[in-house]
Amino acid sequence: MSDEPDMLSGLNPVQRQAVTVAPGPVLVLAGPGSGKTRVLTHRVAYLIGAQRVDPFTILAVTFTNKAAREMRERLDTLLGAGQAAALTVGTFHRICARFLRRDIVHLGRERDFAIYDSDDQLRVMRRVLRDLNFDEKKHAPRAIHAAISRAKNELVDADAYSRQARTYFDEVVARCFVRYQELLRDANALDFDDLLVETVRLLTQHPDVLERYQERYRHILADEYQDTNRAQYVLLKQLAAKYRNIFVVGDEDQSVYAFRGADIRNIQSFERDYPEAQVIMLEQNYRSTQAILDVAQAVINRSAQRRHDKKLWTRNGKGVQVQLIEGYDQDEEAQLVASEIARLVASGDYRYGDFAVMYRTNAQSRAVEEAFIPRTMPHIIVGGTRFYERKEIKDALAYLRLALNPLDNISFGRVMNWPVRGIGQRTQEDLERRASALGIPIYTLLQMLAAGANGADAADMDGAVRELVAAPRTRNALLSFLTLIDDVINQRNTLPLGALIDWLFDRVGFREALLREYGEEDGGDRWNNVLELRNVAENYANLPRENQLATLLEEVALVSDVDSVQEERDAITCITLHQAKGLEFPVVFIVGLEEGLLPHSRSTDDRSALDEERRLFYVGATRAKQRLYLLHAFRRTVYGRMNMATPSRFLQDIPPDLLQTAAKRGYALAQQATMFTGRTSLDRGKPALRTRPSVAPAPATRRAAPDAQRAVAFFAGQKVRHAHFGEGIVVSSKLVEGDEEVTVAFVGKGVRRLLASFANLQRAEEE
DNA sequence: GTACGTTCATTTTTT
DNA sequence: ATGAACGTAC
């Protein structure tokens, strides 16, 4: 190993051991600041540089896109630029999206699927509730969706969910689950969870595909292994089954994603699945001072159970004592942070980029920001309203998504009447309901309408279209929107992406609409955001044209906000504790250390949830290299109501001599203002007892079943492909003089009537 | 069919 | 405090 010093330079003996360990299953258990990610990266470098492993055969899974990018950069340094270009690095979701884009046709789906984000998912959920006649008030779309998401992460499908449903709520979820999946499928869309689930299914149902990936990826590495959920666990297991070269790195004490299905037991399963696994512990911390580690450990040691007992230690000195500070309210708390930062910056020892302010909930960022703004202290808020969640950006993306996949009903509904073009709520709801009931996209419905308008008499499916839209004005609005979409679809392959966007937004009147709706100033800002998106699109100009749009859309669907955190900008980082995982800062402030916030009130009555909150504190505290400040407020405004706050129980777990407690500046003020506000009553109108709601009448039978009487090969709603017209959906089919006459709505090409014997229509595989 | 005003719930954490 | 969902007026 001494023959390749570059790959190992700067590593201590234990890290070296981990990096150079013989092939086979390896589990690295490592505390915070022990160089986990570094070990992972060097392992990749070692495989390529010293073991002469072809980078093409390496798959590295990182927790964020940012980590993936950094790994690439570091490898370029270690190995020389371009050496690792063929390596596959990325998050689970991104890797799955890639696999699926290549192979999803094996599951009988179209390649250009849309990826639905949380907002889209919620919209689908609302549609589901309306279809099933459930009342949104009684059945929170979020809660149902969360249950479905949890199930998917455990690889429980709608069928299995129904079978094991025990409670009434489960029954509701089970029915919604089925419908939800149908709607996604009709829209040729996948949600985040489907990316994982469908990939696992692909590899399970198609051994040849699995074999191909196993052969390709002979070396698999995964970071933040403690945060993998069931689906991710299975995926890794499938891929590694053949060559068993799997190298995972994790820390049980930093598991903070149980709420999205992460399961620490995956670490224990690792040793069971691979009995020959080598387990390596990295216990030395290089990041923090002893003072900081002591505080972090004091809290984590009180957690209910820990499996592998690590003993963190550091050669770093004791350092500055951890500060405990109480503010009067969240505003003063933020002021204290701001003035301390100002003081340290003025001292000349620190720059703004050295600081991070961490909190449990995004809502807390507001108070913090408001302390920075008047002092003109540079700061960035990670999270909050993300760029790609802004309305104007989502609208812009909706148009682009339609260009790729006009079956995407959510995008269709989003921009059908934006900018306003005379398609009102009623018309829209009518279209969505009919489309949903028939199991066809709105796009196809409009194509049928158009065909009917041309007197083609094709659109006779259930007579649904005939009675659709009486008013000529509305009809014209719909048809011109359809023409717009078809034009985009047809321009998609002729124009480069940037030009396509310019052309499209000009034709739509995007800028004018924004200015009209939001006024000169706000509208102008929003338009600039749209232009920003257009700039992002420019990055894909060097890809093959037919991949540009799909790659852009995949990219924007899967970026997370931490990805854009850049050290170069000298600004204070304001960030949630969750997002802070994997980062480090010289000075860290954790604010809102109060009961109800950390631990969060939603977690206080559950032992394991409480432990997760504890780990969250641990993660936050161990981000700090030199100075750590723990803050809490005496009173806090929640939902506009002022409440008394109790210091977090985690603070009680820290021996007082480990903390330096600042003078309680809040108290004088507090005593004046406390007065009589100690109300906590929450028991206003309790929801009525759960009445078993009209369990909805069965929804209109969708997917006209192939009629047993007639011997037709095609039926309405079916997806087909034609050599010349491309993909389409069957509108109707009937036997005419011994041949089958099929009417098909083709994407971008309108409705055509074809004879099955001549047309050579390919049926899309049904599962 | 749209535009505006009122009520009401809403907040964990994220790909 | 803020934003979404509903009702009423144009």
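Just so it is clear: chains get the letters A, B, ... in the order the sequence lines come, proteins before strands, and each one is counted from 1. Owing to the predicted nature of the structure, the values given are computational and were not obtained by experimental measurement.
Stacking between A:Phe259 and B:dT13 is shown: the ring centroid lies under 5.5 Å from the centre of the six-membered base ring, and the planes differ by under 30°.
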If a protein heavy atom is under 4.0 Å from the base, mark B; if only from the sugar-phosphate, S; if neither, -; do that for nucleotides 1-10 of chain C going 5' to 3'.
-> BS--S-----

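We find that CD of A:Glu554 is positioned 13 Å from C1' of B:dT15, with the value rounded to whole Å. Regarding A:His600, its NE2 atom lies at a distance of 11 Å from the P atom of B:dT11, rounded to whole Å. Atom NZ in A:Lys581 sits about 11 Å away from atom P in B:dT15, given to the nearest Å. Atom P of nucleotide B:dT15 and atom CD1 of A:Ile115 are separated by 14 Å, given to the nearest angstrom. Here the C1' atom of nucleotide B:dT14 and the CZ atom of A:Phe192 are 8 Å apart, to the nearest Å. Between the CG atom of A:Asn65 and the P atom of B:dT14 there is a distance of 15 Å, rounded to whole Å. Taking atom CD of A:Gln232 as the reference point, atom C1' of B:dT14 lies 12 Å away to the nearest angstrom. Distance, A:Leu583 CG to B:dT14 P: 13 Å, rounded to whole Å.
Proximity of A:Asn362 to the phosphate of B:dT13: a side-chain N or O atom is located under 4.0 Å from OP1 or OP2. The side chain of A:Gln579 places an N or O atom within less than 4.0 Å of a non-bridging phosphate oxygen (OP1 or OP2) of B:dT14. Applying the 4.0 Å criterion to OP1 and OP2 of B:dT15, one finds that A:Ser118 has every side-chain N and O outside that range.
Partners of A:Phe259 according to the side chain to side chain contact (heavy atoms under 4.5 Å, CB included) rule, which considers only residues two or more places apart in sequence or in another chain, are A:Tyr257, A:His578, A:Glu612. For A:Phe92, there are no ring-ring contact (aromatic ring centres under 6.0 Å, His included) partners at least two apart in sequence or on another chain.
If you take atom P in B:dT11 and the same atom in C:dC6, they sit 16 Å apart, rounded to whole Å.
In this structure, A:Phe589 and A:Tyr629 have parallel ring planes: the angle between them is below the 30° cut-off, well short of the 60° mark.
If you look at A:Tyr116 and A:Tyr180, their ring centroids are not closer than 6.0 Å.
A distance of 10.5 Å separates CD in A:Glu594 from CG in A:Asn643, rounded to the nearest 0.5 Å.
Annotation: A:Arg636, atom CZ; neighbour count of heavy atoms from other residues, nucleotides and ligands within 6.0 Å is above 12.
Residues A:Arg602 and A:Ala557 each lie close to DNA chain B; by heavy-atom proximity, the contact nearer the 5' end of the strand is made by A:Arg602. If A:Asn417 and A:Ala363 are placed on DNA chain B by their nearest nucleotide, the residue sitting closer to the 5' end is A:Asn417.
Among the atoms of the strands shown, only primed sugar atoms or phosphate atoms (P, OP1, OP2) are found under 4.0 Å from some heavy atom of A:Tyr257.
For the pair A:Lys581 and A:Phe63, the cation-pi criterion (under 6.0 Å, within 45° of the ring axis) is fulfilled.
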